[in-house]
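Excluded from the calculations below are hydrogen atoms, water molecules and symmetry mates; all remaining heavy atoms, backbone and side chain alike, are included. Both counts, for ligands and for their atoms, begin at 1 and track the order of listing.
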Amino acid sequence: MAGRRVVVFPSSAELGPVLSQLVTSRAEKAIASHGRFTLGLSGGSLVSMLGKELPTLPDLDCSKWVVGFCDERLVPFDDPESTYGLYKGQLFSKVNIPDSGILTIDSSLPVNECAEDYTRKLKEAFPDDKFPVFDLLLLGMGPDGHTCSLFPDHPLLEETKKIVASISDSPKPPPQRVTMTFPVVNSARCVAFVSTGGSKAPVLKEVLEGREGPAYPAARVVPTNGELFWLVDDPAASSLTIQVERLGSGAKL
Ligand SMILES: O=C(O)[C@H](O)[C@@H](O)[C@H](O)[C@H](O)COP(=O)(O)O
């Protein structure tokens with residue numbers, strides 16, 4: 001792993017622009033290196049943060065971006081629970097990611113077939129990789145320590161062969177989802193968690209400072225060769241005792 005950085009911000013207002021800079025800097029690096037930028041998106045509060053920050057960037061060119069979903073709910077795209085549907089309205093409609101570059105699930109399929117279909121789409125997009133190597137994955141973490149749709153004590157945490165798995169008993173509704181597995185998550189060149197709010201403080205302490213018993217799903221994100229960032233706000237960081245970073249204005253990740 002290229003090292004873990006825990007960066008604390010007073011609030012989302014200060015975190016958002018730095019997240020945006022991280023995305024664009026990794027995009028620039030990826031496009032210069034291999035002609036495209038592959039980005040994995042999670043749902044939750046990330047949608048509004050990215051939808052607020054990215055479209056305001058001057059000269060943002062997303063024409064060489066390929067975007068996948070770290071997890072997705074098995075609902076129609078016009079359902080308010082659809083992560084794609086939320087990104088379409090808040091981000092994709094405002095930037096120039098080509099439609100061909102947005103790897104959506106087929107939500108009309110039964111959940112197992114949906115996972116198999118999404119696996120095929122990712123394999124087509126990453127033909128040279130055993131597990132797709134994304135340039136950047138943006139992850140959230142639930143107050144239970146879940147990330148993607150990988151939930152505590154769930155058998156999916158032990159999945160080592162599948163690229164995308166299906167889940168029908170998600171403790172966080174809606175129950176049916178597809179999710180990237182840890183082999184994909186941990187293959188990424190860069191992974192950035194964004195976690196804000198006091199409700200995350202207890203679990204963030206256990207994830208970042210270790211706990212007795214099995215590691216939370218978010219704690220199992222340890223990129224094999226990639227960078228790992230935790231971008232958090234003061235309320236979420238309020239229980240941490242480890243050394244953290246606080247960036248000066250204009251600092252870059
Ligand atoms: O579709 C989902 O449910 C998300 O992918 C999920 O994993 C999310 O990232 C966490 O629940 C954190 O959500 P918040 O950032 O909104 O707390």
Side-chain angles (χ1 to χ4, degrees), residues 8-9 11-13 15-16 18-20 22-23 39-53 67-77 79-91 103-105 107 111 114-115 118 134 136-154 156-157 159 164-182 184-186 188 191-208 216-221 228-238:
V8 181
F9 302 84
S11 74
S12 297
L15 191 162
V18 176
L19 172 65
S20 179
L22 174 69
V23 172
L39 172 65
L41 296 173
S42 294
S45 55
L46 258 178
V47 181
S48 53
M49 188 178 287
L50 292 172
K52 173 172 179 278
E53 297 294 343
V67 173
F69 295 89
C70 300
D71 64 327
E72 179 57 293
R73 295 87 175 280
L74 202 68
V75 294
F77 290 154
D79 187 307
E81 289 287 347
S82 165
T83 298
Y84 166 72
L86 292 171
Y87 272 111
K88 184 179 177 190
Q90 298 187 46
L91 179 62
L103 307 175
T104 56
I105 68 166
S107 61
V111 70
C114 181
Y118 202 48
F134 278 82
L136 175 62
L137 294 178
L138 298 179
L139 302 182
M141 179 187 69
D144 61 351
H146 85 263
T147 189
C148 304
S149 286
L150 299 165
F151 292 92
D153 308 319
H154 198 283
L156 278 187
L157 302 187
E159 178 58 55
V164 176
S166 62
I167 174 171
S168 296
D169 57 353
S170 169
K172 176 182 178 184
Q176 291 201 326
R177 295 151 172 254
V178 295
T179 183
M180 287 181 191
T181 58
F182 283 126
V184 177
V185 172
N186 285 327
V191 179
F193 277 96
V194 174
S195 202
T196 60
S199 70
K200 308 295 173 73
V203 71
L204 188 65
K205 180 179 182 61
E206 297 204 312
V207 166
L208 294 183
Y216 283 110
R220 298 183 187 211
V221 176
L228 177 60
F229 291 93
W230 279 86
L231 308 181
V232 300
D233 67 0
D234 274 328
S238 57

Worked verdict on Leu74 versus Ile105 for side-chain contact (heavy atoms from CB on, under 4.5 Å)
CA-CA 8 Å; Leu74 202 68; Ile105 68 166; 3.9 Å; yes
[atom1]-[atom2] distance between [X] and [Y], expressed to the nearest 0.5 angstrom:
X      : Y      : atom1 : atom2 : answer
Glu72  : Ser149 : CD    : OG    : 8.5 Å
Leu19  : Met49  : CG    : CE    : 6.5 Å
Glu159 : Leu157 : CD    : CG    : 10.5 Å

For Leu150 versus Leu156, what's the shortest heavy-atom pair and its separation?
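Taking Leu150 first and Leu156 second, the nearest heavy atoms are CD2-CB, 4.0 Å.
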Ser20 versus Glu53, closest heavy-atom pair with distance
CB-CB, 3.9 Å
Dump all N/O pairs between ligand 1 and the protein below 3.5 Å as a table: atom names plus distance, one pair per row.
residue: ligand 1; atom: 1 (O); partner: Asp71; partner atom: OD2; Å: 3.3
residue: ligand 1; atom: 1 (O); partner: Arg73; partner atom: NE; Å: 2.8
residue: ligand 1; atom: 1 (O); partner: Arg73; partner atom: NH2; Å: 3.2
residue: ligand 1; atom: 3 (O); partner: Arg73; partner atom: NH2; Å: 2.9
residue: ligand 1; atom: 3 (O); partner: Lys172; partner atom: NZ; Å: 2.9
residue: ligand 1; atom: 3 (O); partner: Arg177; partner atom: NH1; Å: 3.4
residue: ligand 1; atom: 5 (O); partner: Gly43; partner atom: N; Å: 3.2
residue: ligand 1; atom: 5 (O); partner: Asp71; partner atom: OD1; Å: 2.7
residue: ligand 1; atom: 5 (O); partner: Asp71; partner atom: OD2; Å: 3.0
residue: ligand 1; atom: 7 (O); partner: His146; partner atom: NE2; Å: 3.3
residue: ligand 1; atom: 7 (O); partner: Cys148; partner atom: O; Å: 2.7
residue: ligand 1; atom: 11 (O); partner: His146; partner atom: NE2; Å: 2.9
residue: ligand 1; atom: 11 (O); partner: Lys172; partner atom: NZ; Å: 2.8
residue: ligand 1; atom: 15 (O); partner: Ser45; partner atom: OG; Å: 2.7
residue: ligand 1; atom: 16 (O); partner: Ser45; partner atom: N; Å: 2.8
residue: ligand 1; atom: 16 (O); partner: Ser45; partner atom: OG; Å: 3.4
residue: ligand 1; atom: 17 (O); partner: Lys200; partner atom: NZ; Å: 2.5

